Amino acid sequence: MASQIKLSDAQSVQWLLTRLLECYGPQYWWPADSAFEIMLGAILTQNAAWINVIKAINQLKIANCLTLDCIIALSKSELAALIQPAGYYNVKAQRIHNLCQFLLESGDFSTLQQWETSKLRSALLQVNGIGLETADDILLYAFDRPVFVVDTYTRRIGSRLGLFKQQAPYEIIRAFFEAALGECSANMNELHALLVQHAKQSCHKVPQCSKCCLKSACIYSTI
DNA sequence: ACCCAGGGTCATA
DNA sequence: TATGACCATGGG
């Protein structure tokens, strides 16, 4: 039967993408009105529920402060107060400030768009508060670079599918998906968004959830 | 009351 | 290289 056939990594990933698309449809990520908003959201969502990130973003919108010039003019305590609902507001205020300082020192956004992906990635990772996942969020969703974002959901779902070990290093998992998806930023955009959508709206907290889109591949027996 | 959420840094061994 | 402490809000 079909289950005895060992699919290649690329075939497995294509199956996963196709299956999730059938189940949830296209996700149209990242939900934001500008590249700058995406970059701030990438920091604000660190270990935080997205619903709380929306509240923080809305506070910035109400203050008419979703621009580089406005953010950079705020004190850290003022910025922290605005993003308070997202949690870790003191560290995130500092991290957002660090990012804005980097953007300011690097010229305008169109200048950064000219940079090679590897150069841009290295520069982002040098900003204190931007780690591997946040850098790749920014590269993929703000700069449309073919970089796959690895988060905890990716680890859980991918390892339960037998694609890689859950403890595998970040860069190994990233390379796995990038090789399988072939430098296609649109597919990387969609698959990461779908993995998040699947984890959020499906059988996340129900072991052996009967309505799980991935059936036996999705076994949330432990968190 | 407890667990977790679209992580990252820093100190320590 | 790999743990542990820390940051903090809000929903289930």
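Each chain gets a letter, A, B and so on, in the order the sequences are listed, and its residues count up from 1. Hydrogens, waters and symmetry mates play no part in the numbers below; they use all other heavy atoms, side chains included. The structure presented is a predicted model; accordingly, all values stated were derived computationally and were not measured.
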* **A/Asp137-A/Thr134 side chain donor-acceptor pair, cut-off 3.5 Å** => no
* Protein-nucleotide distance (A/Leu44, atom CG; C/dG10, atom P), rounded to Å -> 14 Å
* Asked: Is it true that the side chains of A/Gln113 and A/Ser110 contain a donor and an acceptor less than 3.5 Å apart?
  -> no
* Structure fact -> Given the options A/Asn128, A/Ile71, A/Leu74, A/Ile72, A/His97 meets side chain to side chain contact (heavy atoms under 4.5 Å, CB included) only with A/Ile72
* Span that lies between the P atom of C/dT3 and that of B/dG6, in whole angstrom -> 25 Å
* Asked: CD1 of A/Ile54 versus C1' of C/dG10: gap in Å, rounded?
  -> 13 Å
* Roughly how many Å is it from CD in A/Gln84 to P in C/dC7, rounded to a whole number? -> 16 Å
* Asked: Can any side-chain N or O of A/Arg121 pair as donor or acceptor with the backbone N or O of A/Glu116 at less than 3.5 Å?
  -> no
* Using the P atom as the reference point in each nucleotide, state the distance between C/dA8 and B/dC10 in Å, no decimals. => 15 Å
* Asked: Within this structure, what is the CG-to-C1' distance between A/Asn52 and C/dT9, rounded to whole angstrom?
  -> 6 Å
* Asked: Taking atom P of B/dA5 as reference, at what distance in whole Å does atom NZ of A/Lys92 sit?
  -> 13 Å
* Does one hydrophobic cluster hold both A/Ile130 and A/Ile57, with members joined at side-chain heavy-atom distances below 4.5 Å? -> yes
* Distance-minimising heavy-atom pair for A/Leu7 and A/Ser12 -> CB-OG, 3.6 Å
* Output yes when at least one side-chain N/O atom of A/Arg155 is less than 4.0 Å from OP1 or OP2 of B/dG6, else no. => no
* Of the listed nucleotides B/dG6, C/dG10, C/dA8, the one nearest the side chain of A/Trp50 -> B/dG6
* Which is true for A/Asp137 with a 4.0 Å heavy-atom rule: it touches a base, it touches only sugar-phosphate, or it touches nothing? -> nothing
* Could you give the NZ-to-C1' distance, from A/Lys200 to C/dG11, as a whole number of Å? -> 13 Å
* For nucleotides 7-13 of chain B, read 5' to 3', which letter fits each nucleotide if B means a protein heavy atom sits under 4.0 Å from the base, S means only the sugar-phosphate is that close, and - means neither? -> BBSS---
* To the nearest Å, give me how far apart CG (A/Leu191) and C1' (B/dG6) are. => 14 Å
* Is the ring centre of A/Tyr153 under 5.5 Å from the base ring centre of B/dA5, and are the two planes under 30° apart, so that they stack? -> no
* Kindly say whether, by distance alone, the side chain of A/Lys55 makes a donor-acceptor pair under 3.5 Å with the base of C/dG10? => no
* Asked: Between the side chain of A/Glu190 and the main-chain N/O of A/Asn187, is any donor-acceptor distance below 3.5 Å?
  -> no
* Between A/Arg95 and A/Gln46, do the side chains contain an N or O donor and an N or O acceptor separated by less than 3.5 Å? -> yes
* Asked: A/Tyr28 OH to B/dG6 C1': how many Å, rounded?
  -> 20 Å
* Asked: Can you tell me which stems DNA chain B forms when a stem means 3 or more consecutive Watson-Crick or G-U pairs under 3.5 Å?
  -> B:2-5 with C:9-12, B:7-13 with C:1-7
* When you look at CG of A/Asp108, are more than 12 heavy atoms from neighbouring residues, nucleotides or ligands closer to it than 6.0 Å? -> yes
* Please check the phosphate of C/dT9 (OP1 and OP2 only) for any side-chain N or O of A/Tyr89 closer than 4.0 Å. => yes
* To do: If the plane angle is over 60° it's perpendicular, under 30° parallel, otherwise tilted; pick one for A/Phe148 and A/Phe177.
  => parallel
